[in-house]
Amino acid sequence: MSSGISAAYSSRAAEYTSLFGSISSTHTDDRALVQDWAGSLDGKIIDAGCGPGQWTHFLHSLGLDAEGVDLVPEFIATGRKRYPDVRFTQGSLEQLPTPDQSLAGILAWYSVIHTPPGDIDEVLGEFARCLMPGGGILLGFFEGDAVEEFPHAVAPAYFWPLEEMSVRLQNAGLIVVSTHFRADPGVRPHAAIVARQAKP
Ligand SMILES: C[S@@+](CC[C@H](N)C(=O)[O-])C[C@H]1O[C@@H](n2cnc3c(N)ncnc32)[C@H](O)[C@@H]1O
């Protein structure tokens, strides 16, 4: 499945970058949420499924230790070229290139949208493995009344109810801190969840 996603994004990486690859194309509320969330963290943050790296650079520009990770080589090359001071590494959500409990934060902004529902627990479990005690995750995704596939422009993707995604995060051992929802005209409903690893 991941190889299909990688091929689909590889062939459209330049198009994706020009349409969505700049921080100015993101919603002001999302920038505020990411900034607020990241400001509460102390240590390294991985932007998991970073695409062309605009959020990784945003975190870096806030003075944070941020690294972008993505399956797609074209995105990694784009990120390195556009933001030479920022680290980008090819890797997968299922096996992040980082030791257990090594991260203060994981930003997963629209990167699990293509993960088949049967695989989501594996990915959230991987995020939980990487977070240090007290570490935080911020997940952004398309919200829907049911877990349901839809034909996203690049590759099949899934709507998730906020409640269901919250339960999945809890099942991975994480504590849900806050949930966010937005329904703007003409675009798919958006949701975000802030969760954290328990402290000892
Ligand atoms: C909708 S894009 C979001 C990109 C970026 N986070 C943003 O907000 O623009 C989804 C991204 O997740 C990446 N992705 C999807 N599945 C992945 C996986 N299993 N491992 C690593 N990256 C993955 C894709 O390559 C793509 O860059």
Side-chain angles (χ1 to χ4, degrees), residues 1-35 37-38 45-61 66-83 86-98 103 105-127 129-130 137-143 149-160 165 180 182 187-193:
M1 185 64 198
S2 288
S3 62
I5 296 297
S6 183
Y9 273 100
S10 282
S11 65
R12 302 186 69 170
E15 183 188 359
Y16 186 94
T17 303
S18 76
L19 286 175
F20 305 111
S22 98
I23 205 69
S24 59
S25 69
T26 62
H27 198 290
T28 50
D29 290 356
D30 295 339
R31 291 205 288 277
L33 178 62
V34 172
Q35 180 164 356
W37 165 78
I45 302 173
I46 279 188
D47 178 6
C50 62
Q54 72 279 14
W55 285 112
T56 326
H57 178 249
F58 179 71
L59 293 168
H60 177 83
S61 70
E67 176 178 356
V69 172
D70 203 283
L71 264 186
V72 175
E74 287 82 355
F75 280 146
I76 298 303
T78 299
R80 286 177 180 158
K81 187 170 177 195
R82 296 201 304 169
Y83 311 117
V86 183
R87 270 171 301 144
F88 292 95
T89 304
Q90 191 177 354
S92 79
L93 303 180
E94 292 78 7
Q95 207 170 2
L96 289 174
T98 193
L103 299 177
I106 297 174
L107 176 64
W109 200 252
Y110 280 81
S111 51
V112 302
I113 62 170
H114 302 292
T115 303
D119 296 342
I120 197 83
D121 293 336
E122 178 192 352
V123 169
L124 299 182
E126 174 64 358
F127 292 167
R129 175 190 74 77
C130 298
I137 179 166
L138 173 50
L139 201 76
F141 55 98
F142 294 114
E143 216 273 351
E149 184 177 323
F150 68 91
H152 181 273
V154 180
Y158 299 86
F159 291 114
W160 281 87
M165 190 62 91
H180 309 261
R182 187 172 65 239
V187 292
R188 297 182 181 108
H190 157 82
I193 302 177

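Numbering of ligands and ligand atoms starts at 1, following listing order. Basis for what follows: all heavy atoms, side chains included, without hydrogens, waters or symmetry-related copies.
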(request) Could you tell me whether the side chain of Ile46 reaches within less than 4.5 Å of the side chain of Cys130, counting heavy atoms only? (result)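 Not touching, per the 4.5 Å side-chain cut-off.
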(request) Enter the distance from Leu103:CG to Arg129:CZ here, rounded to the nearest 0.5 Å. (result)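 Reported to 0.5 Å precision, the distance equals 8.5 Å.
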(request) Can you measure from CZ (Phe127) to CG (Leu139) and round to the nearest 0.5 angstrom? (result)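 Rounded to the nearest 0.5 Å, the CZ-CG separation comes to 7.0 Å.
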(message) Looking at every heavy atom in both Ala38 and Leu59, which two are closest together, and how far apart are they?
(response)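 Here Ala38 and Leu59 meet closest at CB-CD2, 3.6 Å.
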(request) Give the ring-plane orientation class for His152 versus Tyr9, where under 30° counts as parallel, over 60° as perpendicular and anything between as tilted. (result)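 Aromatic pair His152/Tyr9 classed tilted.
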Distances only, to 0.1 Å: what are the N or O pairs between ligand 1 and the protein that fall under 3.5 Å?
residue, atom, partner, partner atom, Å
ligand 1, 6 (N), Gly49, O, 2.8
ligand 1, 6 (N), Trp109, O, 2.8
ligand 1, 9 (O), Tyr16, OH, 2.7
ligand 1, 9 (O), Gln54, NE2, 2.8
ligand 1, 19 (N), Glu94, OE1, 3.0
ligand 1, 19 (N), Glu94, OE2, 3.3
ligand 1, 20 (N), Leu93, N, 2.9
ligand 1, 22 (N), Leu71, N, 3.4
ligand 1, 25 (O), Asp70, OD1, 2.7
ligand 1, 27 (O), Gly51, N, 3.4
ligand 1, 27 (O), Asp70, OD1, 3.4
ligand 1, 27 (O), Asp70, OD2, 2.6

Give every donor-acceptor pair under 3.5 Å between a side-chain atom in residues 50-58 and any protein atom, sequence neighbours left out.
residue, atom, partner, partner atom, Å
Gln54, NE2, Phe20, O, 3.2
Thr56, OG1, Asp47, OD2, 2.7

